[in-house]
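Labels below follow one simple rule: chain letters A, B, ... track the order of the sequence lines, proteins then strands, and each chain is numbered from 1.
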Protein chains: 2
Amino acid sequence: TPGILGRYTWLDYDDDDDSPEKACNCSAILRGERQALEQAKLLTLTKDFRKRLSVPDQFYVNATKDCRKFKSSRKYLTFPLSWEEKDFPLAYSMVVHHKVQNFERLLRAIYAPQNIYCIHVDLKASPSVLAAVSAVASCFPNVFLASRRESVVYAGWSRVQADLNCMSELLGTGVAWKYFINLCGQDFPLKTNLEMVRALRALNGANSLESEKMPKEKMWRVQRGVGKVKEPPPFQLPILSGNAYIVVTRGFVRSVLEDRRVLALIEWAKDTFSPDEFLWATVQRMPGVPGSMWASTKYDVSDVYALARLVKWQHHEGERASIHAVYPPCNGIHVRAICVYGVGDLQWMLRQRHLFANKFDTNTDPVAMYYLEKYLRQRALAQIEGKGFKATNVTSGL
Amino acid sequence: TPGILGRYTWLDYDDDDDSPEKACNCSAILRGERQALEQAKLLTLTKDFRKRLSVPDQFYVNATKDCRKFKSSRKYLTFPLSWEEKDFPLAYSMVVHHKVQNFERLLRAIYAPQNIYCIHVDLKASPSVLAAVSAVASCFPNVFLASRRESVVYAGWSRVQADLNCMSELLGTGVAWKYFINLCGQDFPLKTNLEMVRALRALNGANSLESEKMPKEKMWRVQRGVGKVKEPPPFQLPILSGNAYIVVTRGFVRSVLEDRRVLALIEWAKDTFSPDEFLWATVQRMPGVPGSMWASTKYDVSDVYALARLVKWQHHEGERASIHAVYPPCNGIHVRAICVYGVGDLQWMLRQRHLFANKFDTNTDPVAMYYLEKYLRQRALAQIEGKGFKATNVTSGL
């Protein structure tokens with residue numbers, strides 16, 4: 001609808017802030033058209049494009065000295081696009097340690113003034129990263145840095161603690177947020193804010209995260225502590241298996257911080273391997289936790305049915321006809337067995353129900369994020385309805 | 001909203017067609033209030049109420065001699081309540097063999113003129129049942145009896161064949177129905193037609209039915225035929241476990257009737273025990289079947305997450321704190337290990353996502369169905385919006 005886009009053109013992304021190029025041939029990319037995909041790959045090779053790729057941390061410190069100019073040139077949305085969104089604020093924790101460009105583009109893609117964003121910068125992050133992220137945050141009243149920072153270690157408790165720190169501070173703000181979503185610096189959304197709000201409303205107060213029967217091969221993680229055999233879980237809680245990424249109600253977050261059973265579980269979990277991969281999944285099945293499910297395996301939710309995160313594990317890739325494959329092969333590259341998405345993955349990604357996908361990296365395929373940014377922004381603008389902020393139903397394509 | 005109900009009062013159910021009693025205290029029942037529940041139980045004991053319970057088959061033959069009067073006195077909806085519903089017709093198969101009163105009240109509860117209904121009357125049904133059901137069907141241009149009738153036998157192929165007969169005839173009508181739902185005479189809806197249409201639209205073309213990894217204890221069913229060991233499944237299809245009740249797209253139904261792999265699977269399944277409990281679940285994971293899922297266990301759907309049917313199995317009942325229980329105990333009675341619902345189950349049932357629940361029986365708890373009828377009709381009328389047939393969002397209670 002050219003009319004509506006015409007009204008908000010200043011919010012639409014030019015191909016280049018300095019020199020507008022041809023508009024995103026988003027629909028062709030998303031139909032998976034070979035020619036468009038190849039053009040996209042060629043784009044990655046152009047000197048101009050690659051020049052724009054490596055943005056030093058200092059850039060953000062400079063650019064945010066004038067916040068109004070920064071927000072305007074980067075085209076941050078500075079007003080809610082609908083009453084529906086305004087009445088349904090979201091809370092985010094964003095755990096980052098490097099790659100500030102990825103982080104800032106992620107923030108811009110999810111930013112809305114009614115939401116609230118807690119950024120946890122790793123204790124080990126370089127001073128230039130901390131300075132850059134601080135500078136960006138300082139331009140927004142609803143974006144803040146977590147005051148307690150952890151040194152996040154692979155498979156250690158610190159990953160969970162980072163989220164707990166943000167959860168606690170988010171609850172302490174005055175914002176009446178309804179759902180909490182945790183992100184890392186290499187995530188990217190697959191939905192506009194309005195689409196996320198609608199998906200969350202449709203949950204009717206339930207949480208959405210992976211929570212399944214603990215597979216035998218992972219049981220050792222909760223049977224062994226550091227140099228000892230672990231005592232059974234407190235309150236005889238059944239321990240379930242999941243992942244680090246959650247989409248949960250405010251009530252769930254309160255239980256995590258206040259329910260004595262969860263506090264005991266947290267103490268018990270501190271010396272285990274990858275506690276993030278069973279803690280949330282376990283809380284999600286405890287009676288009395290808002291939005292939780294019964295413990296019976298009939299209520300198990302796999303990562304493909306949870307809204308939280310779309311991740312492609314190399315060993316799960318394959319063809320539809322294969323009885324064990326979970327999704328088609330990665331069109332990017334693999335880093336530690338996880339697909340870093342390429343443009344060829346976009347068509348499939350946007351058909352999935354998940355709110356966010358992991359991983360993206362401007363260093364490996366900058367075009368994938370580029371197209372996704374433009375596509376989502378165009379969708380968000382197209383979803384604005386009339387004068388009374390009544391947003392239209394979501395259409396499934398441009 | 002008294003205004004809207006006022007406009008359609010002739011469609012609201014009186015407590016008694018002859019002598020209006022006090023209106024349904026539906027909200028109290030649905031909040032599970034003890035006093036209201038006890039009043040409801042007392043109602044079951046009143047002479048008037050019980051008198052209305054046993055309706056002879058002949059009644060329907062007489063009452064439908066004047067179709068206009070029948071439809072008007074029974075308050076069948078004779079116009080679509082919204083454009084949304086009109087544009088999204090549903091196809092039903094209804095497999096019945098007795099209890100005509102249950103059947104007719106079920107039909108009335110789901111009837112809408114834009115939908116299409118195929119009724120399979122068991123070959124073994126008494127002549128009075130056949131006559132009664134025929135008579136009711138004859139009053140509606142969009143309700144017909146299946147021309148091929150089976151003698152349905154417990155755990156036998158005939159149960160599937162009954163649905164196949166209806167599927168075939170439904171495809172052959174001129175109605176552009178989008179989804180197919182199969183019912184038996186003791187089912188009852190938990191949603192208005194509009195709510196069902198919205199739930200189905202939200203599926204975005206997916207089917208919704210139980211489809212899970214075949215548990216070890218059920219494998220014998222597909223390993224033994226009649227007096228012999230079975231050959232492996234055709235096309236090396238993975239056999240999954242589910243139940244008889246499905247909510248599927250038109251495309252799924254076409255595959256069932258035309259896809260040569262499914263036709264081969266059907267032949268293979270004819271001599272197995274309870275083929276209805278693996279056939280649909282298996283087709284649902286075949287590549288190329290519209291609305292199907294990948295075969296990986298990550299895509300398994302349990303009966304609690306499928307929309308098709310809410311059933312309480314006695315051995316799965318228990319308390320929330322129990323790690324094996326699936327749902328709270330039955331408030332009615334059990335017949336062959338399945339709960340026949342009572343009024344005390346209503347509050348829980350209406351919070352579930354399922355479109356239909358099984359079982360109901362006016363002979364054991366007539367009040368449960370009575371309240372559900374009235375509640376759903378009131379909701380349907382309340383969902384009518386304005387002059388332009390734009391239906392309101394569903395509110396979760398009266």
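- Few gaps surround CZ on B/Arg261; more than 12 heavy atoms of other groups in view lie less than 6.0 Å from it.
- One finds the CZ atom of B/Arg285 at 11.0 Å from the CD1 atom of A/Ile323 (value rounded to the nearest 0.5 Å).
- Of the residues considered (A/Glu210, A/His316, A/Gln236), A/His316 shows the highest number of contacts with chain B, using heavy-atom pairs under 4.5 Å.
- Nearest approach of B/Ser296 to A/His324, heavy atoms of both residues: CB-O, 3.7 Å.
- Within a 6.0 Å radius of CD in B/Glu217, other residues, nucleotides and ligands contribute more than 12 heavy atoms.
- Proximity to chain B (any heavy atom under 4.5 Å) is shown, for A/Arg351, by neither the backbone nor the side chain.
- Within the 4.5 angstrom heavy-atom criterion, only backbone atoms of B/Asp300 (N, CA, C, O) approach chain A.
- Counting non-hydrogen atoms of neighbouring residues, nucleotides and ligands closer than 6.0 angstrom, the CD atom of B/Glu258 exceeds 12 such neighbours.
- Using a 4.5 Å cut-off between heavy atoms, B/Tyr299 contacts chain A through both its backbone and its side chain.
- Here CH2 of A/Trp294 is found 7.5 Å from OG of B/Ser322. Values are rounded to the nearest 0.5 Å.
- Qualifying side chain to side chain contact (heavy atoms under 4.5 Å, CB included) partners for A/His334, counting only residues two or more places apart in sequence or in other chains: A/Gln314, A/Glu317, A/Cys330, A/Cys339.
- Residue contact with chain A, scored on non-hydrogen atoms closer than 4.5 Å, involves the backbone and the side chain of B/Met293 alike.
- The residue among B/Ala321, B/Pro238, B/Ala325 with the most heavy atom pairs within less than 4.5 Å of chain A is B/Ala325.
- Annotation for A/Lys86: atom NZ does not count as buried by contact number, only 12 or fewer foreign heavy atoms lying within 6.0 Å.
- For the pair B/Ser302 (side chain) and A/Lys298 (backbone), a donor-acceptor distance under 3.5 Å is present.
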